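Numbers restart at 1 for each chain; the letters A, B, ... are given by sequence-line order, proteins then strands. Since the model is a prediction, treat every value here as computed from it, not as a measurement.
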Amino acid sequence: MSTPIQMMPSQPSKKPAPKVQKEDAMWLQKEMINANYHELATAHERGKKVSATFVPGNLNELVMCFDFARSLPETNALQNGMRKKSGKMIMDAERDGQSEDVCTYVKADLGMMLGGEIGPTGEKLPTPDLLLLSYTGCFTFMKWFELVRQKYNCETVMLHTPYQGDGKISQSMRDYVVKQLKESVIPTLERVSGVKFDIDRLRQYMKESARAEDDLVKVLQSAKNRPSPIDGYFGAVYYIGPMFTAFRGTPEATQYYDVLRKEIDARVRDKKGPITPEGELTEEKYRLVVEGPPNWTSFRDFWKMFADEGAVVVASTYAKVGGVYDLGFRHDPDHPLESLAEYCLGCYTNMNFPQRIDMICRYIEEYEADGLLINSIKSCNSFSAGQLLMLREVEKRTGKPAAFIESDLVDPRYFSAANIKNRLESYFQMIKQKRSVAGAAVAAH
Amino acid sequence: MAEMVKDIVGRCEALFEDLHFDAVKQWKAAVPGRKAIGYMPVYVPREIVHAAGMLPVGIFGGGDQMEVIQGDAYYQSYICRIPRSTLELGLTGRLDCLDGMLFPSICDVIRNLSGMWQILFKDKYVRYVDVPQNYLDSVGGEFYIHEMQVLRDDLGKLAGKPVTDDALRASIAVYNENRRAVQDLYAYRAQKPWQAPTSEVYLVIRAGMVLPPEEHTKLVRDYIAAAELENRPKRDNARVVLTGSFCEQPPLGLIKSIEMSGCYVVDDDFGLVMRWLLDEVPATGDPLLELSKAFLHRSNQQASKYDEKKEDKGKLLVHSVKFYGAEGVIFAAPSFCDPALLERPMLQDVLAKQKIPYTAFKYAENTGQMAPIREQAGTFADSIKLWSAA
Ligand code: SF4
Ligand code: SF4
């Protein structure tokens, strides 16, 4: 799945380059991520079991109840992509028999395994004791862990999340997920970890989650301001990092979101634009909604193409792959298992097409965006299959221009900077023209 | 009696080539008010559609004879062909004879197509048919029964009368008959592949996508009888199982090329809907419960279905190789098909451990160049022969 996120600027272990501006929250996050990789690397020597799971619909609060060290292979792929290591990993996996046609997240992960499982921070990652196959919003997940299981022979437990085919979550879907939790997931977690399940511990983590989720929503929705104090796509990947991964439910994450929200509140008060890799954006010229995951291998260059033009992404669907908190979902400590089920069922790529289109149209309106940009990811059928219809529908319904670019998550062979830059430039031209036509129409009245 | 095989296969070929679905239109016209429901690969419980008095119609893309123009405008180059040609069929009115479409849970492409269909064909019934990946009766089973119940209720509403248990039981019996006939056809081909070449068997199977099951069962039986009366030369071909073609179909010419290159295909996964359930579904008792049990415990293994244990991977493929006496496996998968292509290395691993030779290639439903595939399959067949002679 295309997913997640914990990022930090390219060289995590080096001192910050003096010109790059970062919020305090970013440094906090960087520490958390590095600490988690270290925790993972040393888990077995500390007698801890290791679980691996996917980002969308992850059960972080539940997994923490069993003291697992938590690995997220998508995040590893992403981090390796940002560190420009994924290209070789993908080619290694292809040499090992994987097709050039399939999802590159999977291949980056398999390639990392072939290369001795050296993680993004240079430490060797442990073989997981349990693969928690939370199957939310993407079929490829299932094949991914079957492939890992084939190599490692590790125990696998499936949590099948049914798809919102008719645009809603039914009681039967909820019951199905809860039953799986009770009858297969929790007993397996207990057995592998040797820790007994304590529902009060789960409630406690969920309380933390809900608090952090409130703050995250405030941060994401701050982009409704003009100028927007954040970038809701490139910047948001930092903001959603802890929430979507191994930290949701921890006091550290709650603290992170508290710090972050305060920082963003201050930016709103000061009418400041977002911080980009080039520094603070001082003039907001275009406000966009983006659909689709980013490219990680040229993340900064990609972001720069927007920042250079004064384009700010005010909302993105990618920032919802690990939960649609802005639509109201919160982890609910009073109904822990039901709420976990609701969470898994609600993630963005588990929503059907009409829902996804509605959400984008709503964003365009609520965030007063100039249009929609789709970054279509070659790897990812879950996101990409059908996006051209999305583009037409959104244009039809909002009257706002939409544009389409193509790249990949972690395969550098599919990032063509010149093409994308051209496309973006003509798109911004188009928005400008639309504006002047609209301006002229107003003037004529 | 060579005539008869020719006639039967000729009829099947005409059905296969008819992308305007005249057979469906005729079936509907015969009794006013009849309805037809389309479904895509790989599996839907057709018994429910049949019990609602409707014709289930398998939609397997546009093949290599249809020019795809509008459908291409909806998909990027890196997505397989079947959704675009299926959209083309819909957008050009060729599927107007269908009153609804079912999109099975097979991959994200077909999953997303279900929502696109809802947007583009607002006046039609559209349903994404989810199936469980948890195989406990009390967990996945209950969920699946509920899914089937929704479909049953919806179709009942569309039909104007509820779908009764008795009707469902009768339909289960009809499909049991059909499944037996198809199994017999596969067994017959494996026994005498020179009498029943796959290029014919394939067409006989595809006919079942548009004919009512009762009629298809008879057609299958007639074909087996007619094929037996043929006097066809037996060749020293390599016996192979073909796998990976469960969704987007290879062009007929590709199947012929494989045979011409010196392979007898003794098992395949085309039209898997007919062989998805592996044996009889009891036609007594609670029909949805029986359909659910058959799905959970006695159904086919395929890339879109989770294998609970590592040891289960490839079990059915290996069984098929042994059961049908195959000497090798051909992996033939559509380009950009994540499920088939991600499954492939795992299956290859299992085959390698069992010392079963294999070869692999990709195709698209409109692949025009057969020479490279013929050459590859030919080399494979030769190597099998050499290998077995050694
Ligand atoms: S197909 Fe998409 S959602 Fe699925 S694993 Fe790959 S990148 Fe992630
Ligand atoms: S060919 Fe493969 S990827 Fe394409 S729709 Fe079928 S199963 Fe999905």
Side-chain angles (χ1 to χ4, degrees), chain A residues 96-99 101-103 106 133 135 137-140 142-144 146-147 149-150 153-154 156 158-160 162-167 170 172-173 175-176 179-180 182-184 349 351-357 376 378-390 392-393 404 406 414, chain B residues 73-80 83 103 105-120 126-130 132-134 136 138-140 142-144 146-147 149-150 303-310 313 333 335-339 341-346 348-350 362:
Chain A
D96 193 46
Q98 298 300 324
S99 165
D101 288 357
V102 301
C103 170
V106 181
L133 204 179
Y135 171 102
C138 166
F139 272 82
T140 299
M142 186 167 89
K143 297 289 107 187
W144 186 340
E146 283 186 352
L147 280 156
R149 178 180 66 184
Q150 188 99 352
N153 210 6
C154 36
T156 310
M158 155 72 91
L159 177 70
H160 174 214
Y163 181 62
Q164 295 191 48
D166 41 16
S170 69
S172 150
M173 290 157 80
D175 291 346
Y176 174 42
K179 271 198 216 158
Q180 291 177 78
K182 284 187 183 159
E183 295 188 27
S184 41
T349 46
M351 288 160 56
N352 78 359
F353 249 61
Q355 287 174 295
R356 283 171 63 179
I357 292 171
S376 187
K378 175 184 178 284
S379 268
C380 184
N381 286 344
S382 176
F383 257 103
S384 307
Q387 276 172 331
L388 285 158
L389 173 66
M390 223 172 221
R392 290 179 188 208
E393 283 293 305
F404 204 82
E406 294 179 326
Y414 297 102
Chain B
Y74 288 90
Y75 286 102
Q76 304 87 313
S77 55
Y78 46 79
I79 288 173
C80 58
F103 295 88
S105 169
I106 170 172
C107 74
D108 297 321
V109 175
I110 288 189
R111 184 197 74 172
N112 288 2
L113 184 59
S114 71
M116 296 169 72
W117 217 267
Q118 290 170 20
I119 291 166
L120 291 167
V126 180
R127 180 149 186 87
Y128 176 73
V129 181
D130 221 335
Q133 303 284 2
N134 170 297
L136 296 172
S138 59
V139 184
E142 278 203 18
F143 167 72
Y144 186 44
H146 184 270
E147 284 296 294
Q149 184 63 42
V150 173
S304 66
K305 207 177 131 197
Y306 178 55
D307 285 322
E308 272 187 307
K309 293 196 286 297
K310 182 189 168 194
K313 186 58 72 194
S335 293
F336 306 109
C337 177
D338 262 39
L341 293 169
L342 286 163
E343 183 81 356
R344 195 173 73 182
M346 292 186 270
Q348 289 176 340
D349 196 35
V350 172
K362 293 187 292 185

Review point. Given a strict heavy-atom distance threshold of 4.5 Å, which part of B:Asn112 is in contact with chain A: side chain, backbone, both, or neither?
Key: both
Review point. So what's closer than 4.5 Å to chain A heavy atoms on B:Lys310: side chain, backbone, both or neither?
Key: both
Review point. Among B:Val126, B:Ile119, B:Val109, B:Ile79, which has the most heavy-atom pairs under 4.5 Å with chain A?
Key: B:Ile119
Revision key, fill the gap. B:Tyr144 meets the ring pair (Phe, Tyr, Trp, His ring centres under 6.0 Å) criterion, sequence neighbours left out, with B:Phe295
**Study point:** For chain B, the option from A:Gly97, A:Ser379, A:Pro354, A:Gly167 that forms the most heavy-atom pairs under 4.5 Å
**Key:** A:Pro354
Review point. Which pair of non-hydrogen atoms, one from A:Phe383 and one from A:Thr349, has the smallest distance, and what is that distance?
Key: CE1-CG2, 3.6 Å
Point to revise | Interface residue of largest heavy-atom contact number with chain A, from B:Leu120, B:Asp307, B:Val350, under 4.5 Å | key: B:Asp307
Check your understanding: Tell me, side chain or backbone of A:Gln355 under 4.5 Å from chain B's heavy atoms, or both, or neither?
Key -> neither
Check your understanding: Between B:Arg111 and chain A, which part of the residue has a heavy atom less than 4.5 Å away: side chain, backbone, both or neither?
Key -> both
Practice item. Name the option with the most non-hydrogen atom pairs under 4.5 Å to chain B; the candidates are A:Asn153, A:Val106, A:Leu159, A:Ile357. Key: A:Asn153
Check your understanding: Non-hydrogen atoms of chain A under 4.5 Å away: do they reach the side chain of B:Lys309, the backbone, both or neither?
Key -> backbone
Study note, to complete from the structure: Most heavy-atom pairs under 4.5 Å with chain A, out of B:Ala303, B:Ser77, B:Pro83, belong to B:Ala303
Practice item. Tell me, out of A:Gly165, A:Ser172, A:Ser99, who's got the most heavy-atom pairs with chain B below 4.5 Å. Key: A:Ser172
Review point. Which bit of B:Gln118 comes within less than 4.5 Å of chain A, counting heavy atoms only: side chain, backbone, both or neither?
Key: side chain
**Study point:** chain A contacts, top residue of B:Gly140, B:Pro339, B:Cys337 (heavy-atom pairs, under 4.5 Å)
**Key:** B:Gly140
Practice item. Before accepting this row, confirm whether a basic side-chain N of the pair A:Arg356/A:Glu393 lies closer than 4.0 Å to the acidic partner's carboxylate O. Key: no
Practice item. Indicate yes or no for a side-chain donor-acceptor contact from B:Asp338 to the backbone of B:Cys107 under 3.5 Å, with no hydrogens or angles considered. Key: no
Review point. If you tally heavy-atom pairs under 4.5 Å against chain A, which of B:Tyr78, B:Tyr128, B:Tyr75 wins?
Key: B:Tyr78
Exercise for review: For each of B:Ser304, B:Ala333, B:Ser114, tally heavy-atom pairs with chain A at distances under 4.5 Å, and name the one with the top tally.
Suggested key: B:Ser304
Review point. Pick from A:Gln180, A:Gln150, A:Glu183: which one has the most heavy-atom pairs with chain B under 4.5 Å?
Key: A:Gln150
Revision key, fill the gap. The ring pair (Phe, Tyr, Trp, His ring centres under 6.0 Å) partners of A:Tyr176 (sequence neighbours excluded) come to A:His160, B:Phe143
Study note, to complete from the structure: Honestly, the part of A:Asn352 sitting under 4.5 Å from a heavy atom of chain B is side chain
Review point. In terms of heavy-atom proximity below 4.5 Å to chain B, should A:Asp96 be classed as side chain, backbone, both, or neither?
Key: neither
Practice item. With a 4.5 angstrom heavy-atom cut-off, could you sort out which part of A:Ser184 is near chain B: side chain, backbone, both or neither? Key: side chain
Study note, to complete from the structure: In short, B:Pro345 meets B:Leu342 closest at the heavy-atom pair CD-O, 3.4 Å
**Study point:** Gap between atom NZ of A:Lys143 and atom OH of B:Tyr306 - 0.5 Å precision
**Key:** 10.0 Å
Point to revise | Which atoms of B:Gln76 approach chain A - backbone, side chain, both or neither, heavy atom under 4.5 Å | key: both
Exercise for review: Below 4.5 Å from any heavy atom of chain A, which atoms of B:Leu341 appear? Answer side chain, backbone, both or neither.
Suggested key: both
